[in-house]
Amino acid sequence: MKMLFGAVIAVTLLGLYVYSVVTGISVVRCVTTTGCTTQTLASFTSGMSSVMALIGGLVSALVIAELSITKPGETPMARALDATSSGAAKKAVQVVTMLYLLIWVITGLAAFVVGSMQQDNVLRPLTDLGQSWLGLAVAAGYAYFGIKPQS
């Protein structure tokens, strides 16, 4: 029950993160397209900006925390199942975890490309999120592969 509750919260946060980024990208696309009047910069409210930053940070922290305690080559969250778990349960955890990570990567990469590379500073929260996501993605890679500086 505890694992299910945690999964529901994690997926809900991911959904809010994706929604805020997609909305931000949609606003940027409309604002930078001649003749588009369906959205303005004011369409992206300060509340949406706060949600984007806060939820983006929470989702990224969850990804980094999970990858940092997963051994390289193993599936993140696989340790949550005991040795007696069925093959179907193990496969389900693997699929859900990989989808979660894939959605996090695609969404963050989209924020980076649109907010930082294509339309820099049109919507500052999207630019900030994209730039911070890139750093967090690198940190996630370092955490998962156990890369540490030489002493």
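Worth knowing before you read on, the calculation uses all heavy atoms, side chains too, and leaves out hydrogens, waters and symmetry mates. Counting from 1, the numbers follow the sequence of the chain as shown.
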Q: Rounded at 0.5 Å granularity, tell me how far CD1 in Ile103 sits from CG in Leu99.
A: 5.5 Å

Q: What is the minimum heavy-atom distance between Ser60 and Leu136, and which atoms define it?
A: CB-CD1, 3.5 Å

Q: So, does Ser132 use its side chain to make a donor-acceptor pair with the main chain of Leu129 at under 3.5 Å?
A: yes

Q: Ignoring hydrogens and angles, tell me if any N or O in the side chain of Thr127 forms a donor-acceptor pair with the backbone of Gly115 under 3.5 Å.
A: yes

Q: Group every Ile, Leu, Val, Met, Phe, Trp and Tyr by side-chain heavy-atom contacts under 4.5 Å, then state whether Leu109 and Tyr19 land in the same group.
A: yes

Q: Once rounded to the nearest 0.5 Å, what's the spacing between atom CG of Leu67 and atom CG of Leu101?
A: 5.5 Å

Q: Does Leu62 have any side chain to side chain contact (heavy atoms under 4.5 Å, CB included) partners at least two apart in sequence or in another chain, and if so, which?
A: Ala10, Tyr100

Q: Using 0.5 Å steps for rounding, measure from the CD1 atom of Ile55 to the CG atom of Leu13.
A: 5.0 Å

Q: What heavy-atom pair brings Ser116 and Gly130 nearest, and what distance separates the two atoms?
A: OG-C, 4.3 Å

Q: Which distance, rounded to the nearest 0.5 Å, do you find between the CG of Leu14 and the CD1 of Ile9?
A: 13.5 Å

Q: Can you name the residues that form a side chain to side chain donor-acceptor pair (under 3.5 Å) with Gln39, not counting sequence neighbours?
A: Ser26

Q: Find out if a path of hydrophobic residues (ILVMFWY) with successive side-chain heavy-atom gaps under 4.5 Å connects Val11 to Val95.
A: no

Q: Quick one: side chain to side chain contact (heavy atoms under 4.5 Å, CB included) partners of Val105, sequence neighbours excluded?
A: Trp133

Q: Do you reckon Met117 sits in the same ILVMFWY cluster as Leu123, going by side-chain contacts under 4.5 Å, direct or chained?
A: yes

Q: What distance separates Leu126 CG from Gln119 CD, expressed to the nearest 0.5 Å?
A: 10.0 Å

Q: Please round to the nearest 0.5 Å and tell me the distance separating atom CD1 of Ile64 and atom CD1 of Ile69.
A: 13.0 Å

Q: Please write out which residues are connected to Leu102 in a hydrophobic cluster, directly or through intermediates, given that two of Ile, Leu, Val, Met, Phe, Trp, Tyr count as joined at side-chain heavy-atom separations below 4.5 angstrom.
A: Ile106

Q: Minimum heavy-atom separation for Thr23 to Met48, with atom names?
A: CG2-CE, 3.0 Å

Q: Donor-acceptor pairs under 3.5 angstrom involving side-chain atoms of residues 27-36: please list them, not counting sequence neighbours.
A:
unit_1 : atom_1 : unit_2 : atom_2 : d
Arg29  : NH1    : Gln118 : OE1    : 3.2
Arg29  : NH2    : Gln118 : OE1    : 2.8
Thr32  : OG1    : Val28  : O      : 2.8
Thr32  : OG1    : Arg29  : O      : 3.3
Thr33  : OG1    : Arg29  : O      : 2.5

Q: Could you tell me whether a side-chain N or O of Thr97 sits under 3.5 Å from a main-chain N or O of Gln94, the two making a donor and an acceptor?
A: no

Q: Using side chain to side chain contact (heavy atoms under 4.5 Å, CB included) as the criterion, list what pairs up with Ser49, not counting sequence neighbours.
A: Phe44, Pro125

Q: Does any N or O in the side chain of Thr107 come within less than 3.5 Å of the main-chain N or O of Trp104, such that one atom is a donor and the other an acceptor?
A: no

